[in-house]
Amino acid sequence: MRYIDYGTDGSAASLHLAQAPSPTPTAGQVLIEVHCAGVNRPDIMQRQGRYPPPPGASSILGLEVAGVIAALGEGVSDWQLGQPVCALVPGGGYADYCVAPAGQVLPMPSGFDMAQAAGLPEVWFTVWANLVQLARLDAGERLLVHGGSSGIGLAAIQLARELGAEAVVTVGSQEKAQFCVAFGARAAIDYRQEDFAAAIEQLYGGEGVDVVLDMIGAAYLARNLRVLRRDGRLVLIALQQGGRGELDLRDILARRLHLTGSTMRPRSIAEKTAIRDALRGRIWPALADGRVRSHVHAIFPMDEARQAHELMERSGHIGKLVLRMRS
């Protein structure tokens with residue numbers, strides 16, 4: 001099979017087509033003929049040597065795919081050969097074929113094509129695990145999402161609405177701000193033009209939000225805590241601007257704040273299967289009837305993976321970037 005490899009320097013320019021034997025599904029796995037693969041920041045981090053795959057996972061880049069079932073491993077009975085699916089995978093997505101645990105596979109949502117479906121698993125597994133399971137976002141609450149125009153951000157806006165909450169986001173341009181408001185955010189704050197903490201306080205009359213979903217890290221820590229109201233929850237999902245910061249513990253005591261976070265890739269198959277089941281019951285029907293949607297910014301041929309990574313690195317996109325393996 002063909003796959004995308006990368007060089008030891010970890011640069012986007014080192015991405016190139018290579019050949020390797022196709023994987024074989026073991027017990028509890030399926031083999032997917034990949035038509036499209038989502039591009040995510042963890043792919044860039046792995047390429048740079050900062051996010052190694054977990055033990056036993058493929059070293060090939062790619063954490064989400066859409067395609068058709070090409071083979072079934074022993075004991076798999078809930079999927080059919082030739083069935084269109086999308087899946088969260090621990091690695092191996094940038095290839096013609098990829099294996100996935102059967103419990104991390106989802107049916108192709110009605111009305112979606114391969115490119116749209118390829119951008120669903122990573123963002124929806126992530127926002128569900130962090131906003132529902134960890135933050136317990138509830139009806140009537142307020143959510144602040146950093147990186148609101150990313151795939152994660154757009155999914156979080158819609159999940160908040162599905163739960164009866166409202167979302168405010170930070171973005172890096174007025175174009176992105178307008179897009180997020182049109183997508184359902186109550187407000188979008190351009191962090192290049194104004195301080196997001198002051199903007200939140202003004203928006204809510206001196207009050208804050210109940211949950212912050214943050215992918216920035218240390219650079220935003222103090223202001224994230226500042227905008228939380230009593231019993232607020234700060235959930236970290238990435239550390240793009242530092243993993244070490246200082247905080248005032250008195251804030252946590254006085255307002256009963258909660259600080260938590262998670263990554264998806266190291267979770268067990270059982271944990272991911274539980275998330276898959278929740279998404280299939282709650283979000284997939286909303287995708288099928290149009291209440292929830294995705295936005296694919298650009299689709300790149302497989303041999304243009306470099307261009308896709310470069311676009312993501314300069315944050316020049318809104319929503320998802322996708323690699324197409326087959327026409």
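Keep in mind it's a predicted model, so treat the numbers as computed, not measured. Only heavy atoms go into these numbers, but all of them, side chains included; no hydrogens, no water, no symmetry mates.
Note on residues 48-72: pairs passing salt bridge (charged side-chain N to carboxylate O under 4.0 Å, His left out), not counting sequence neighbours, are Glu64-Lys320. Applying the salt bridge (charged side-chain N to carboxylate O under 4.0 Å, His left out) test to residues at least two apart or on different chains, the pairs with a partner in residues 138-160 are Glu141-Arg233, Arg142-Glu207. Evaluation of the salt bridge (charged side-chain N to carboxylate O under 4.0 Å, His left out) test over residues 271-283, restricted to residues two or more places apart or in two chains, returns none. Sequence neighbours left out, the pairs with a member in residues 167-195 that pass salt bridge (charged side-chain N to carboxylate O under 4.0 Å, His left out) are Glu166-Arg186, Asp195-Arg223.
Proximity of Tyr204 to Val227: side-chain heavy atoms (C-beta onward) are nowhere separated by under 4.5 Å. Looking only at side-chain heavy atoms (C-beta outward), Val39 and Leu311 stay at 4.5 Å or farther from each other. Residues Val168 and Val145 have side chains not in contact (no heavy-atom distance under 4.5 Å, counting atoms from C-beta outward).
Using cut-offs of 30° and 60° on the angle between ring planes, the pair Phe196 and His146 is perpendicular.
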Going through the distances and angles, do Leu236 and Leu221 end up as a side-chain contact (heavy atoms from CB on, under 4.5 Å)? CA-CA 10 Å; Leu236 297 163; Leu221 178 59; 5.8 Å; no

Quick one: do Leu61 and Leu15 satisfy side-chain contact (heavy atoms from CB on, under 4.5 Å)? Show the steps, please. CA-CA 10 Å; Leu61 300 174; Leu15 292 166; 3.8 Å; yes

Take Asp96 and Ser22 through the side-chain contact (heavy atoms from CB on, under 4.5 Å) test and state the conclusion after the steps. CA-CA 8 Å; Asp96 284 329; Ser22 299; over 6 Å; no

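Gln104 contributes no side-chain N or O that, together with a main-chain N or O of Pro101, makes up a donor-acceptor pair within less than 3.5 Å. Remark: side-chain polar atoms of Arg306 are not paired, donor with acceptor, to backbone N or O of Ala12 under 3.5 angstrom.
Residues meeting the ring-ring contact (aromatic ring centres under 6.0 Å, His included) test with Phe125, sequence neighbours left out: none. With sequence neighbours left out, Arg324 forms a salt bridge (charged side-chain N to carboxylate O under 4.0 Å, His left out) with no residue at all. Residues passing the side-chain contact (heavy atoms from CB on, under 4.5 Å) test with Ala118, sequence neighbours excluded: Cys36, Ala66, Val322. For the salt bridge (charged side-chain N to carboxylate O under 4.0 Å, His left out) test, residues two or more places apart in sequence or in another chain that qualify with Arg255 are Asp251. The side chain to side chain donor-acceptor pair (under 3.5 Å) test applied to Arg256 returns Asp231, not counting sequence neighbours.
Summarising the geometry of Ala95 relative to Met302, their closest heavy-atom pair is CA-CE, 4.0 Å, with the distance given to 0.1 Å.
Tyr51 shares a hydrophobic cluster with Met45; the chain of contacts runs through ILVMFWY side chains whose heavy atoms sit under 4.5 Å apart.
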Can you list, pair by pair, the side-chain donor-acceptor contacts under 3.5 Å of residues 288-296, counting residues two or more places apart and other chains?
{"unit_1": "Asp289", "atom_1": "OD1", "unit_2": "Arg291", "atom_2": "N", "d": "3.0"}
{"unit_1": "Asp289", "atom_1": "OD2", "unit_2": "Arg291", "atom_2": "NH1", "d": "2.6"}
{"unit_1": "Arg291", "atom_1": "NE", "unit_2": "Glu162", "atom_2": "OE2", "d": "3.4"}
{"unit_1": "Arg291", "atom_1": "NH2", "unit_2": "Glu162", "atom_2": "OE1", "d": "2.9"}

Contacts under 3.5 angstrom, residues 70-80 side chains, donor-acceptor by atom type, not counting sequence neighbours:
{"unit_1": "Trp79", "atom_1": "NE1", "unit_2": "Ala102", "atom_2": "O", "d": "3.2"}

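For Arg136, the CZ atom is loosely surrounded, since the number of other residues' heavy atoms within 6.0 Å does not exceed 12.
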